[in-house]
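One structure is given below, encoded as structure tokens.
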There are 2 protein chains.
Amino acid sequence: MARRNDHSRDEIREMALKAAETIILEKGKDGLSARKIAQEIGYTVGTLYLIFKNLDDLILHVNGRTLERLYEKLSSEQQSSSDSKTALLQLAKTYINFAENESNRWKVVFEHRAQTDNTTPEWYQERVGKMFTAVETHLSRLAPHKSPSEIKDAARALWGGVHGICMLALTDNLDITGVESADTLTQSLINNYLAGFTAG
Amino acid sequence: MARRNDHSRDEIREMALKAAETIILEKGKDGLSARKIAQEIGYTVGTLYLIFKNLDDLILHVNGRTLERLYEKLSSEQQSSSDSKTALLQLAKTYINFAENESNRWKVVFEHRAQTDNTTPEWYQERVGKMFTAVETHLSRLAPHKSPSEIKDAARALWGGVHGICMLALTDNLDITGVESADTLTQSLINNYLAGFTAG
DNA sequence: ACCTGAACACCGTTCAAGT
DNA sequence: ACCTGAACACCGTTCAAGT
């Protein structure tokens, strides 16, 4: 063995990330290990360390892809919305559906973020930031008299709120039943928040 | 060795939970292991398994104690509040301060919840439920015309929102700076939400 | 240059055996 | 009855050695 050259570095990289995503999908983060990924793609553990700094780095890239997929979902649904309020409600619906459908992958984004306190690369921060841009756009349409920093804060308050309901629902900490209720709660949050925000 | 009887079962149990809390405080969940707990309390790993079902069970009890401490903090601050709106804002402040001060322990509550999907014991659910009761009480005072189920939903929407901002701030996912901002955002969330909720 | 295989220092969990 | 010690089946990570 050694010197096989069956796959390019980029191919191995892609295979590894795909394998990791599949394992997380099926077994959650606890089911993931470098050895399992390696076995899945037909290489040795050592090979993974030629491509990724370590397992945390690999998971960081998995999470980057998850955020990318969410962003695609969010941006594909926001063109034909009549008004900005409806658009925001629709964004929240999409957000929650994504989190529910990709539940295991979605949880990893935040579990992993919580544990490793190394500085996050800029490409990652950018993807998180993109998720707020659409919200800010709609909010500034609904409240044109607000300053940019007020809009920025509002987007973070409101979307942090949507996220919180979503995560608590996903982890069964809200004493509610499933997605349908999570959806009801976010709609209530957004409607009431907007009532206060646009009036104030 | 064997048959030492230096400590009662309950004493060992308490020592183990305390040791686990200290390790989590200092190194986070990743720094925790059964072997380290055992070493810290001067017993063998095997002993831990005579008292706890497994490490997940031990962590569950650590989390139960964390929730209990939060509840004490929350209930100690809510006596003299003039009106219910101020009381809710104060509750959120206390909540965020607790999460920030006990950051490592607080994260474990939700990381662990996210990974193990075994049914949670009722004593745990009760502690989570207690956290919502105070919120419900204040909300029903502010909006006496709402039905109990509307109040319940509102409490979950609003507090899920507070929680979301709190967690995103703690994990650096909000592009804001620290606790102060998390506090500003929750105050904004609560104020605007209440404006809509009490008017509707 | 590319990849392996074996090593190192860890894990969680179990359970026969010691007192 | 209470606790140990050693075992089992796993980990992440590194790196000399093979082709």
Side-chain angles (χ1 to χ4, degrees), chain A residues 1-17 19-24 26-63 108 111-118, chain B residues 1-17 19-24 26-63 108 111-118:
Chain A
M1 306 107 219
R3 190 205 266 269
R4 313 188 335 183
N5 244 338
D6 290 349
H7 305 278
S8 74
R9 229 176 165 71
D10 278 355
E11 280 170 337
I12 298 179
R13 188 191 163 81
E14 177 66 21
M15 288 160 66
L17 290 174
E21 284 175 334
T22 305
I23 294 170
I24 289 171
E26 287 170 358
K27 320 247 181 187
K29 194 198 179 189
D30 280 358
L32 188 73
S33 78
R35 282 176 156 94
K36 279 184 197 156
I37 296 170
Q39 198 194 351
E40 194 73 29
I41 66 174
Y43 279 82
T44 313
V45 242
T47 304
L48 290 177
Y49 286 83
L50 298 173
I51 295 170
F52 299 96
K53 204 176 140 234
N54 50 38
L55 192 61
D56 273 354
D57 183 40
L58 192 155
I59 295 175
L60 186 70
H61 283 90
V62 169
N63 288 343
V108 176
E111 287 166 28
H112 190 253
R113 205 76 185 74
Q115 291 180 349
T116 62
D117 39 11
N118 353 345
Chain B
M1 308 112 215
R3 186 202 274 265
R4 314 188 334 185
N5 242 339
D6 290 348
H7 305 277
S8 74
R9 228 175 165 73
D10 278 354
E11 281 170 337
I12 298 179
R13 188 190 163 81
E14 177 67 21
M15 288 159 67
L17 290 174
E21 285 174 334
T22 305
I23 294 170
I24 289 171
E26 287 169 358
K27 319 247 182 188
K29 195 198 177 188
D30 280 359
L32 188 72
S33 80
R35 283 175 156 93
K36 279 184 197 154
I37 296 170
Q39 198 193 349
E40 194 73 30
I41 66 174
Y43 278 82
T44 313
V45 241
T47 303
L48 290 177
Y49 286 82
L50 298 173
I51 294 171
F52 300 97
K53 205 176 139 233
N54 50 38
L55 193 60
D56 273 354
D57 183 40
L58 191 155
I59 295 175
L60 185 70
H61 283 89
V62 169
N63 288 344
V108 176
E111 287 166 29
H112 190 253
R113 206 75 185 73
Q115 291 179 350
T116 63
D117 39 13
N118 352 344

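Chain A is the first sequence line, chain B the second, and so forth, proteins listed ahead of strands; every chain is numbered from 1.
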Worksheet entry | Sequence-distant partners of B:Leu50, side chain to side chain contact (heavy atoms under 4.5 Å, CB included), two or more places apart | B:Arg9
Response to the item:
B:Glu40 meets the side chain to side chain contact (heavy atoms under 4.5 Å, CB included) criterion, sequence neighbours left out, with B:Ala19
Worksheet entry | Nearest to side-chain heavy atoms of A:Arg35, which nucleotide of C:dC11, C:dG12, D:dC11 | D:dC11
Which atom pair, heavy atoms only, marks the closest approach of [X] to [Y]?
{"X": "A:Ala20", "Y": "A:Val62", "result": "CB-CG2, 3.9 Å"}
{"X": "A:Ala16", "Y": "A:Ile37", "result": "O-CG2, 3.8 Å"}
{"X": "B:Glu11", "Y": "B:Asp6", "result": "OE1-O, 4.2 Å"}

Discussion item. Would you compute the distance between atom OG1 of B:Thr22 and atom CG of B:Leu17 and round it to the nearest 0.5 angstrom?
Written reply: 10.5 Å
Worksheet item: Can you list, by residue number, the residues of residues 37-45 of chain A that have a non-hydrogen atom closer than 4.0 angstrom to DNA chain C?
Response: A:Tyr43, A:Thr44
Separation of [N] [atom2] from [X] [atom1] (nearest whole Å):
{"X": "B:Asn5", "N": "C:dG18", "atom1": "CG", "atom2": "C1'", "answer": "15 Å"}
{"X": "A:Leu32", "N": "D:dC11", "atom1": "CG", "atom2": "C1'", "answer": "12 Å"}
{"X": "A:Leu58", "N": "D:dC11", "atom1": "CG", "atom2": "C1'", "answer": "15 Å"}
{"X": "B:Asn54", "N": "C:dT14", "atom1": "CG", "atom2": "C1'", "answer": "12 Å"}
{"X": "A:Leu48", "N": "C:dC2", "atom1": "CG", "atom2": "C1'", "answer": "14 Å"}
{"X": "A:Asp6", "N": "C:dC2", "atom1": "CG", "atom2": "P", "answer": "13 Å"}
{"X": "A:Phe52", "N": "D:dG12", "atom1": "CZ", "atom2": "P", "answer": "14 Å"}
{"X": "A:Leu55", "N": "D:dT13", "atom1": "CG", "atom2": "C1'", "answer": "10 Å"}

With a 4.0 Å limit, can you tell me whether [X] has a side-chain N or O closer than that to the phosphate oxygens OP1/OP2 of [N]?
{"X": "A:Ser33", "N": "D:dC11", "result": "yes"}
{"X": "B:Arg4", "N": "D:dT4", "result": "yes"}
{"X": "A:Lys36", "N": "D:dC10", "result": "no"}
{"X": "B:Tyr49", "N": "C:dT13", "result": "yes"}
{"X": "B:Thr47", "N": "D:dT4", "result": "yes"}

Worksheet item: Considering only heavy atoms from C-beta outward, does the side chain of A:Ile59 approach that of A:Ile24 to under 4.5 Å?
Response: no
Practice prompt. Could you list the residues that satisfy side chain to side chain donor-acceptor pair (under 3.5 Å) with B:Tyr49, not counting sequence neighbours?
Written response: none
Fill in: Under the side chain to side chain donor-acceptor pair (under 3.5 Å) test, residues paired with A:Gln39 that sit two or more places apart
none
Discussion item. Using a heavy-atom cut-off of 4.0 Å across all strands, would you classify A:Arg9 as base, sugar-phosphate, or nothing?
Written reply: nothing
Worksheet entry | DNA chain D: stems of at least 3 consecutive Watson-Crick or G-U pairs whose donor-acceptor distances fall under 3.5 Å | C:4-8 with D:12-16, C:12-16 with D:4-8
Worksheet entry | Step-by-step side chain to side chain contact (heavy atoms under 4.5 Å, CB included) determination, B:His61 to B:Arg13 | CA-CA 10 Å; B:His61 283 89; B:Arg13 188 190 163 81; 3.2 Å; yes
